[in-house]
Amino acid sequence: MVDLATSLPVWAAVLLVWGGGRLVSTVWLALAYPLMARAMPDNAIWGNEHGFGSFLTAWDGQYYEQISVHGYPSTLPLDAAGHVAQNAWAFLPAFPFAIRMLTASTGVPFTVGAPLVALAAGLVATFLLHRLVSDRAGNAAGMWAVFFFTCGPLSFLLQVGYAESTFLALTFGALLALERRRYGLLTVLGVVAAFTRPGALALPLLLGVVALVRWVRARRAAAGTGVRSLDAFPVAERVRVVVAGVVMAAAGLAWPVVAAHVTGRPDAYLETEMSWWVNFIGRVEFTPMTPWFLIAGRWLGVGGVLIVVFLLVAYPVWLLRRSTRALGSTTVLYSAAYALYIFAVSLPMASTPRLLMPLAPLFGSPELVARPWMRWTFVSCALLGQPVLVAVLWLLGPP
């Protein structure tokens, strides 16, 4: 498919691969639907309706529906022991409110509106991903990134009632805006992303690193030429960078404040998030940078801790490889910043694969498809992995 796509105009090639991916995902989801209908006919994971639309908006989609229709609860639910139970405050408002605007203006139900919004956002994200990769690594790399993104194991999430595709469109757009130094657009996209799904704090971190690198280079250039001005990074641009970073960081930290204000509990958001951890590691105090070590040690002992340490070393080394750097400094630095965020605050569980979807630009790394056997291996894993993850993450448990 990719070889055919590279012979077409870019827009048609991207559309072809995206459409083929959505067809494949629809087939697998359609095959899985009757299995869930028979196995769990009365399960609350997909609400009162048991149609295909309800199947596409199951699991966390129910929380988005609750937010879209009723908003957020002013009182947090508690379990029998008095601890905060799982509730809608764990989910950010941009995606469900966008669905509310669609359903209110057209009359379509949430079970139709949510997949439609996800599909549209996924298409936008696909075009932006291609541009982000192809601008640095060429059209072929961009098309391979598009293929793995839209046809890979997790691509079914681009058409279900989850906020993933919306967040990805905003993130890829923000990265392109940063590369073009359009800080106003970057700020808008970064702020909306901060109210779409956790993880947007990686953008102001990325901006800070990029700005620091440019400032150091400008100082060195000025020292080498004897010119005191920092024309390579002028004052006006530095001001825009600082404003953009501060605004995006404030947006990224705002949701816990909103939750505290509405519910009257300063720890409302943190305790809500921690309620999902209980089934994996029990009730613990949250400490940044420790969740991966905590669960690895709990389930795998010393060997698990060593695996985490290996990942902490291997991932940066891989990012620094020449073939990966061909994707450009923005993609590489964002991949480091976002992975740092995930490591710092998230607990490895079934949702971790989808949380890593913003790292999709790395699929454009030339080394992944450098040889025919590598291409066929990755293509086979992508296509065969999707039905496996549909079964594991959509039938057996929530992604």
J.: Starting from the C-alpha separation in whole Å, work towards a yes-or-no answer on side chain to side chain donor-acceptor pair (under 3.5 Å) for Gln62 and Thr57.
T.: CA-CA 7 Å; Gln62 289 186 94; Thr57 53; over 6 Å; no
J.: We want to know whether Thr272 and Asn87 form a side-chain donor-acceptor pair, criterion being a heavy-atom distance below 3.5 angstrom.
T.: yes
J.: Could you tell me whether Arg265 and Glu271 have a side-chain N and a carboxylate O separated by less than 4.0 Å?
T.: no
J.: Output, in order, the C-alpha distance, side-chain angles, deciding distance and verdict of side chain to side chain donor-acceptor pair (under 3.5 Å) for Arg22 and Ser25.
T.: CA-CA 5 Å; Arg22 302 292 52 76; Ser25 295; 2.9 Å; yes
J.: Check whether NZ of the Lys or CZ of the Arg Arg240 lies under 6.0 Å from the centre of the six-membered ring of Tyr183 and within 45 degrees of that ring's axis.
T.: no
J.: With the threshold set at 4.0 Å, does a side-chain nitrogen-carboxylate oxygen contact exist between Arg136 and Glu179?
T.: yes
J.: If only atom types and distance count, is the side chain of Trp89 paired as donor or acceptor with the main-chain N or O of Ala260 below 3.5 Å?
T.: no
J.: Would you say that more than 12 heavy atoms from the other residues, nucleotides or ligands in this model lie under 6.0 Å from the CH2 of Trp376, or not?
T.: no
J.: For a ring-ring contact (aromatic ring centres under 6.0 Å, His included) check, start with the C-alpha distance between Phe91 and Trp276, then their side-chain angles and the critical distance, and finish with the verdict.
T.: CA-CA 12 Å; Phe91 303 90; Trp276 265 268; 5.8 Å; yes
J.: Answer whether the closest heavy-atom distance between the side chains of Tyr64 and Phe110 falls below 4.5 Å.
T.: yes
J.: Counting N and O atoms only, with roles assigned by atom type, does the side chain of Arg100 sit under 3.5 Å from a partner on the main chain of Ile67, one being a donor and the other an acceptor?
T.: yes
J.: Hey, which of Tyr63, Trp255, Tyr269 is the one that makes ring-ring contact (aromatic ring centres under 6.0 Å, His included) with Tyr72?
T.: Trp255
J.: Between Trp292 and Tyr315 (judged by ring centroids, cut-off 6.0 Å), do the two rings come close enough to count as a pair?
T.: no
J.: Just wondering, more than 12 heavy atoms not from Arg354 lying within 6.0 Å of its CZ?
T.: yes
